[in-house]
Colleague: 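Please read through the structure below; I'll follow up with questions.
Chain identifiers are assigned alphabetically (A, B, ...) following the order of the sequence lines, protein sequences preceding nucleic acid strands; residue numbering begins at 1 within each chain.
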Amino acid sequence: MKLKSQINDVIKEAFIKAGIEHSPLSVTEATKPEFGDFQFNGAMALSKKLSKNPREIAQLILDNLDLTQMLTKAEIAGPGFINLWLNPLWIAAECKESLLDERLGVEVCANPLKVVVDYSGPNMAKQMHVGHLRSTIIGDTLANLLTFLGDEVIRQNHIGDWGTQFGMLIAYLEETGKDASVSLKDLEQFYKDAKACFDEDVLFSDKARAYVVKIQSGDKHCLQLWEKFIDISLGHCEEVYEKLDVQLTRDDVRAESFYNDDLPKVVEDLHNAGKLTQSEGAQCVFLEDDEIPVIVQKGDGGYLYATTDLAALRYRAQVLDAKRISYVVDARQAGHFKQVFKVAKEAGFVPEDVKLEHIAFGTMMDKGGKPFKTRDGGTVKLIDLLDEAVVKAKETINNKEDYSEEAIETLAKIIGIGAVKYADLSINRESNYIFNWDKMLSFEGNTSLYLQYAYARIQSIFRKHDSEVCGDIIIGDDVEHRLATMLLRFDDVLKRAAVDASPNQITTYLYELGTLFMRFYEQNPILKIGVDEKMKMSRLQLADLTAKTIKQGLEILGIKVVDKL
RNA sequence: GCACUCUUAGCUCAGCUGGAUAGAGCAUCGGUUUGCGGUACCGAAGGUCACAGGUUCGAAUCCUGUAGGGUGUACCA
């Protein structure tokens with residue numbers, strides 16, 4: 001059920017009949033209800049090419065337009081717009097079909113791709129903080145979305161498990177002589193203590209540096225400690241993923257260290273490809289129009305994150321055989337990715353036909369528009385933020401006496417975590433966004449709670465009406481017409497959101513659907529006495545399809561619904 | 001300095017490949033009598049789309065410049 005492309009096909013047919021040898025522009029949703037359901041603006045664009053008056057062209061298209069099936073009416077307006085009305089009978093039949101379909105009429109994409117989605121990527125030396133939130137949930141949404149649309153998605157969690165700070169941590173672990181699992185209970189504190197030692201105690205800092213060398217040279221004892229450390233730290237991350245209801249698992253982890261053995265090879269291959277230049281002691285790749293080189297090997301022989309990223313790119317393109325590789329990473333890394341992608345392609349690490357993209361996102365700000373910090377200026381731990389969300393969500397639950405303690409906890413998790421995720425996903429990912437508890441936990445406006453409420457309201461209808469629902473869907477009035485058309489747009493919206501990697505296109509759609517349903521529900525009674533049986537059945541089905549669409553949409557965003565709020 | 005990016009209603013944000021009178025939500029004001037979940041719905045008011053040029057039949061959207069904010073800028077990731 002690709003609504004737009006089906007309408008485009010009808011237009012295309014008219015073009016052929018009319019003998020216009022250009023391919024038509026895509027139709028767009030009408031900007032206003034008076035202008036129909038969709039509009040075709042291509043007549044104006046053709047005016048020059050055909051050297052004809054746009055209205056004449058529009059008339060020519062209109063004369064050849066099939067108005068017997070999907071479309072029922074078309075009008076020329078203004079300078080040459082063609083406004084299109086969908087046939088209510090056709091809409092009704094399509095909705096019925098969607099309702100009977102498990103995928104709600106969303107077709108699996110025609111050319112599925114193997115896609116790597118790289119997201120979350122926490123550093124193992126510290127606990128996850130709010131800075132990891134956006135990557136984690138935007139990435140997860142993208143992965144869910146592409147999976148739903150039929151792509152073969154490979155999630156990759158490129159965790160930071162290598163580098164000088166680990167020498168420090170392991171030295172401290174050894175120094176304190178504590179059991180690792182106990183010492184690491186509060187990773188943040190552990191890191192701070194180790195850092196303090198490192199900064200103050202010369203003996204300790206020397207020891208830490210010695211440990212770095214030891215780990216890198218494969219010292220068994222040190223490696224064991226390191227592994228233990230990573231294991232526990234990763235356990236912390238998994239706790240967060242669990243709370244966040246994100247799909248990442250250990251199988252998705254490809255740590256930085258995974259590429260260690262390949263790093264010398266990367267440098268060697270760049271050298272063989274004639275890309276390497278030594279500059280100020282470092283091995284660099286100079287890109288033509290970029291003054292700053294990509295450094296792949298330091299003067300002391302060490303490798304850098306660009307080297308690891310190149311190794312990872314090659315692995316993903318050649319071993320995993322991905323055709324689209326998406327990095328969900330902070331916008332501040334834009335320059336880095338632009339360069340690394342270019343090097344990877346020029347050096348032949350990644351074939352030309354592989355799409356490399358940096359899914360950039362903006363920074364999370366506090367109410368005052370400043371980067372999100374604790375009162376004393378520290379970073380906010382992600383786990384604390386999520387716990388706070390659950391606490392705040394409890395306050396929104398009415399009639400608590402109706403629920404058990406456990407039920408309230410479950411409900412609060414669904415509401416609170418959903419609110420945090422939805423607030424983030426509903427803004428254009430590239431802009432910075434202001435984090436606001438009150439706004440995100442409100443029932444009003446474009447929030448998860450509004451949609452969850454709409455869903456619960458519909459479920460309540462079906463609790464009251466638990467007998468069979470059958471018969472046709474009938475489009476009885478303008479609101480039903482608009483609601484049904486909106487339901488049929490689901491496929492288009494998801495496909496578009498997948499191409500642009502923009503979750504907010506989904507939230508915008510769901511919110512519009514939600515408000516449209518609320519309006520429909522206000523003015524068109526369903527279970528009230530006196531409603532014609534056929535209309536009742538039809539409206540029940542529209543409500544059902546709305547609920548299912550909201551549920552599916554939120555599921556892609558990683559947000560749950562409940563039958564009762 | 002250079003590069004990238006942003007500036008839309010009092011506030012928070014939409015605005016897809018340029019298309020009709022720029023849309024929501026919050027806040028403000030005013031409505032909805034027997035309510036299928038009113039944590040809802042309807043309506044009003046509120047914008048020289050930062051500014052100045054340009055391209056176009058048509059620009060919030062594309063190009064150039066100006067102002068203001070943000071970010072990045074060679075051996076951290």
Colleague: Base, sugar-phosphate, or nothing: which does A:Asp161 touch, judged by heavy atoms less than 4.0 Å apart?
Modeller: nothing
Colleague: Does OP1 or OP2 of B:G25 have a side-chain N or O of A:Thr515 closer than 4.0 Å?
Modeller: no
Colleague: Quick one: label A:Asn53 by what it contacts on the DNA or RNA (base, sugar-phosphate, nothing), any heavy atom closer than 4.0 Å.
Modeller: nothing
Colleague: Any salt bridge between A:Arg463 and A:Asp563, counting N to O under 4.0 Å?
Modeller: no
Colleague: Scan A:Thr28 against the nucleic acid and name what it touches under 4.0 Å (heavy atoms): base, sugar-phosphate only, or nothing.
Modeller: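 Touches a base.
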Colleague: So A:Glu280, base contact, sugar-phosphate only, or nothing? Heavy-atom distance under 4.0 Å.
Modeller: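 If one applies the 4.0 Å heavy-atom cut-off, A:Glu280 turns out to touch a base.
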Colleague: From B:A74, B:G70, B:U12, pick the nucleotide closest to the side chain of A:Cys284?
Modeller: B:A74
Colleague: Which part of the nucleic acid, if any, lies within contact of A:Pro79, taking any heavy atom under 4.0 Å across all strands shown: a base, the sugar-phosphate backbone alone, or nothing?
Modeller: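 Touches nothing.
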Colleague: Examine B:G15: is either OP1 or OP2 under 4.0 Å from a nitrogen or oxygen in the side chain of A:Asn504? Give yes or no.
Modeller: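 So the side-chain polar atoms of A:Asn504 do come within 4.0 Å of the phosphate oxygens OP1 or OP2 of B:G15, strictly under.
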Colleague: Of all the choices, B:C36, B:A40, B:U12, which nucleotide is nearest to the side chain of A:Met518 once you look at every atom?
Modeller: B:A40
Colleague: Is a salt bridge present between A:Asp330 and A:Arg332, judged by a nitrogen-to-oxygen distance below 4.0 Å?
Modeller: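 Salt bridge flag = yes for A:Arg332 with A:Asp330.
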Colleague: Mind checking A:Glu256 for me? I need base, sugar-phosphate or nothing, with any heavy atom below 4.0 Å counting as a touch.
Modeller: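 If one applies the 4.0 Å heavy-atom cut-off, A:Glu256 turns out to touch the sugar-phosphate alone, with no base involved.
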Colleague: Just call it for A:Lys564: base, sugar-phosphate, or nothing, with non-hydrogen atoms closer than 4.0 Å on any strand.
Modeller: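 Base: the residue A:Lys564, judged by heavy atoms under 4.0 Å, touches a nucleobase.
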Colleague: State which of B:A40, B:A74, B:A20 makes the closest approach to the side chain of A:Phe35.
Modeller: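 Of all the options, the side chain of A:Phe35 is nearest to B:A20.
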Colleague: So, is A:Lys298 close to the B:A74 phosphate, meaning a side-chain N or O under 4.0 Å from OP1 or OP2?
Modeller: no
Colleague: Using a 4.0 Å heavy-atom cut-off, does A:Ser47 contact any base of the nucleic acid, only the sugar-phosphate backbone, or nothing at all?
Modeller: nothing
Colleague: Side chain of A:Tyr305 only, please: which of B:A77, B:G37, B:A74 is the nearest?
Modeller: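 The listed nucleotide nearest to A:Tyr305's side chain is B:A77.
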Colleague: Do the charged groups of A:Lys4 and A:Asp492 touch, with an N to O distance under 4.0 Å?
Modeller: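 No.
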Colleague: Among B:C16, B:C13, B:C41, which is the nearest nucleotide to the side chain of A:Tyr450?
Modeller: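 Output: B:C41.
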Colleague: Considering every strand and a 4.0 Å limit on heavy-atom distances, what is the contact class for A:Gly160: base, sugar-phosphate, or nothing?
Modeller: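 Counting heavy atoms under 4.0 Å across all strands, no contact is made by A:Gly160.
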Colleague: Remember a base hit wins even if backbone is also touched, and classify A:Tyr433 as base, sugar-phosphate or nothing at under 4.0 Å, heavy atoms.
Modeller: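 Sugar-phosphate: the residue A:Tyr433, judged by heavy atoms under 4.0 Å, touches backbone atoms but no base.
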Colleague: Just compare B:U12, B:C13, B:A77 and give me whichever is closest to any side-chain atom of A:Leu304.
Modeller: B:A77
Colleague: Counting any heavy atom closer than 4.0 Å, what does A:Asn123 reach on the DNA or RNA strands: base, sugar-phosphate only, or nothing?
Modeller: nothing
Colleague: Below the 4.0 Å mark, does B:C36 have OP1 or OP2 next to a side-chain nitrogen or oxygen of A:Asn524?
Modeller: no
Colleague: The side chain of A:Arg457 is closest to which nucleotide in this list: B:A20, B:A40, B:G15?
Modeller: B:A40
Colleague: Between A:Glu75 and A:Lys73, does any side-chain N to carboxylate O distance fall below 4.0 Å?
Modeller: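 Here A:Glu75 pairs with A:Lys73 in a salt bridge, since their nearest N and O are under 4.0 Å apart.
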Colleague: Between A:Phe81 and B:A20, do the rings stack, that is, sit under 5.5 Å apart with planes less than 30° off each other?
Modeller: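 It does: the ring sits over the base of B:A20.
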Colleague: Base, sugar-phosphate alone, or nothing: which one does A:Gln39 contact when heavy atoms must sit under 4.0 Å apart?
Modeller: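 Since a base atom lies under 4.0 Å of A:Gln39, the category is base.
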Colleague: Is the closest basic N to carboxylate O distance between A:Asp199 and A:Lys195 below 4.0 Å?
Modeller: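 Salt bridge flag = yes for A:Lys195 with A:Asp199.
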Colleague: What nucleotide among B:A14, B:G19, B:C36 has an atom nearest to a side-chain atom of A:Ile526?
Modeller: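 The listed nucleotide nearest to A:Ile526's side chain is B:C36.
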Colleague: Record whether the side chain of A:Asn83 comes under 3.5 Å of the base of B:A20 through a donor-acceptor pair of N or O atoms.
Modeller: yes
Colleague: So which nucleotide from B:C13, B:U17, B:C75 ends up closest to the side chain of A:Ile434?
Modeller: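 Shortest atom-to-atom distance from the side chain points to B:C13.
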Colleague: Are A:Tyr521 and the base of B:A40 stacked, counting only ring centres nearer than 5.5 Å and planes tilted under 30°?
Modeller: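 Taking the rule of under 5.5 Å and under 30°, the ring of A:Tyr521 does not stack on B:A40.
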Colleague: Describe the nucleic acid contact of A:Ala331 in one word from base, sugar-phosphate, nothing, applying a heavy-atom distance below 4.0 Å.
Modeller: nothing
Colleague: Do the rings of A:Trp226 and A:Trp162 sit parallel, tilted or perpendicular, given the 30° and 60° boundaries?
Modeller: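 If you compare the ring of A:Trp226 with that of A:Trp162, the planes turn out perpendicular.
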Colleague: Taking OP1 and OP2 of B:U73, is either one under 4.0 Å from a side-chain nitrogen or oxygen of A:Arg332?
Modeller: no
Colleague: Considering every strand and a 4.0 Å limit on heavy-atom distances, what is the contact class for A:Ala334: base, sugar-phosphate, or nothing?
Modeller: nothing
